[in-house]
Amino acid sequence: MILETVREAVEGDLDFILELYLDLHEESIPVHDAHLEQTWNQIMSDPNHHLIVKEKDGRIVSSCVCVIIPNLSRNVRPYAFIENVVTHADYRKRGYAHECLDYAKKLAQDANCYKMMLLTGSKSPETLAFYEHAGYNCTDKTAFIQWLE
């Protein structure tokens, strides 16, 4: 029997998520130190920070982050920001990331968000088409990034 679920991350998922992030852009898994533990606990305790995972047969194979951001404009409606969309290389093209994004969309709708945004560093036509197929567009806004050291 194949067990599959999309859910929010729980305490015991940290190492699995860090391993999955090697398929995102990380070159190594960070050292388990006080800073990592503090950051993980902050994420886990923040009701507006949702780390969504796709689990298949006990393994986390895809994930995204959805942060609900309170807002004073748009009739005081929040918006959602999506980040760190990743699927393990062995599990791509099966709709798992789309399932994570759908879960995030439901969270955003339940929070009465007026929009969802995401950024990607990818220029791959395949990746951009994936996001468009998931309902995002790259024509409404222009993103600027300033990298901080």
Side-chain angles (χ1 to χ4, degrees), residues 1-71 78-138 141 143-149:
M1 177 200 285
I2 297 174
L3 298 174
E4 294 187 27
T5 187
V6 177
R7 60 176 174 79
E8 291 200 48
V10 296
E11 291 291 332
D13 290 335
L14 175 59
D15 289 329
F16 300 109
I17 292 166
L18 294 175
E19 182 180 329
L20 178 63
Y21 282 179
L22 294 173
D23 282 283
L24 182 61
H25 52 65
E26 298 301 311
E27 295 179 12
S28 64
I29 294 175
V31 175
H32 275 268
D33 60 8
H35 179 65
L36 176 66
E37 291 299 325
Q38 179 184 11
T39 301
W40 178 246
N41 291 333
Q42 183 179 357
I43 290 168
M44 290 287 96
S45 65
D46 184 344
N48 288 321
H49 196 135
H50 304 274
L51 207 166
I52 300 157
V53 299
K54 167 68 177 191
E55 185 176 19
K56 182 175 175 62
D57 293 329
R59 180 177 187 185
I60 293 175
V61 298
S62 189
S63 180
C64 73
V65 171
C66 175
V67 180
I68 307 296
I69 302 168
N71 182 38
Y79 57 93
F81 187 78
I82 306 299
E83 185 63 87
N84 295 339
V85 179
V86 59
T87 300
H88 188 282
D90 294 342
Y91 292 87
R92 292 186 180 150
K93 299 188 184 293
R94 299 182 192 182
Y96 298 153
H98 198 97
E99 290 179 51
C100 290
L101 290 174
D102 285 346
Y103 192 104
K105 183 177 180 180
K106 175 82 167 90
L107 289 172
Q109 290 170 327
D110 289 349
N112 196 33
C113 291
Y114 78 95
K115 71 177 176 183
M116 294 178 69
M117 300 183 298
L118 68 79
L119 298 174
T120 180
S122 176
K123 305 293 185 216
S124 160
E126 185 175 273
T127 301
L128 301 178
F130 164 77
Y131 288 126
E132 288 176 352
H133 184 262
Y136 296 85
N137 74 69
C138 60
K141 297 271 185 175
F144 291 89
I145 296 176
Q146 182 180 52
W147 295 100
L148 306 175
E149 295 202 31

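Position 1 is the first residue of the sequence; numbering continues from there.
Contact detail for Leu128 and Ser122: the closest heavy-atom pair is CD2-O, 3.6 Å. Counting all heavy atoms, side chain and backbone alike, Ala9 lies closest to Trp40 at CB-CH2, 4.3 Å. Heavy-atom minimum distance, Cys100 versus Cys64: O-SG, 3.7 Å. Residues Leu24 and Val85 share a closest heavy-atom pair of CD1-O, 3.4 Å. Contact between Glu132 and Cys138 at its shortest, heavy atoms only, is OE2-SG, 4.2 Å. Pro78 and Asn71 get closest at one heavy-atom pair: CA-CB, 4.0 Å.
The shortest side-chain heavy-atom distance between Leu18 and Glu26 does not fall under the 4.5 Å cut-off. In this structure the side chain of Met116 never reaches within 4.5 angstrom of the side chain of Leu101, judged on heavy atoms. Looking at Asp102 and His98, their side chains come closer than 4.5 Å, going by heavy atoms from C-beta outward. For the pair Arg94 and Lys54, the minimum side-chain heavy-atom distance is 4.5 Å or more. For the pair Leu20 and Val53, the minimum side-chain heavy-atom distance is 4.5 Å or more. At a threshold of 4.5 Å between non-hydrogen side-chain atoms, the residues Tyr96 and Glu4 count as touching.
Here the options are Asp13, Asp46, Val10, Val65, the test is side-chain contact (heavy atoms from CB on, under 4.5 Å), and the partner is Leu51; only Val65 passes.
With rounding to the nearest 0.5 angstrom, the CG atom of Leu119 is 10.0 Å from the OH atom of Tyr131. Leu3 contributes atom CG, which lies 8.5 Å from atom CD of Glu55 (distance to the nearest 0.5 angstrom). Glu99 CD to Thr87 OG1: the interatomic distance, rounded to the nearest 0.5 Å, is 9.5 Å. Taking CG from Asn41 and CG from Leu36, the interatomic distance works out to 9.0 Å, rounded to the nearest 0.5 Å. Considering CG of Leu118 and OH of Tyr136, their distance stands at 5.0 Å, rounded to 0.5 Å. Note that OG of Ser63 and OH of Tyr21 are 4.5 Å apart. Values are rounded to the nearest 0.5 Å.
Classification of the Tyr79-Tyr114 ring pair by plane angle, with boundaries at 30° and 60°, yields perpendicular.
Taking a cutoff of 4.0 Å between a charged side-chain nitrogen and a carboxylate oxygen, Asp110 and Lys106 qualify as a salt bridge.
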Next on the checklist: Could you walk me through whether Ile68 and His50 satisfy the side chain to side chain contact (heavy atoms under 4.5 Å, CB included) test, starting with their C-alpha distance in whole Å, then the side-chain angles of each, then the deciding distance to 0.1 Å, before giving a yes or no?
Outcome noted: CA-CA 8 Å; Ile68 307 296; His50 304 274; 4.0 Å; yes

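Around CZ of Phe16, the count of heavy atoms belonging to other residues, nucleotides or ligands within 6.0 Å does not exceed 12.
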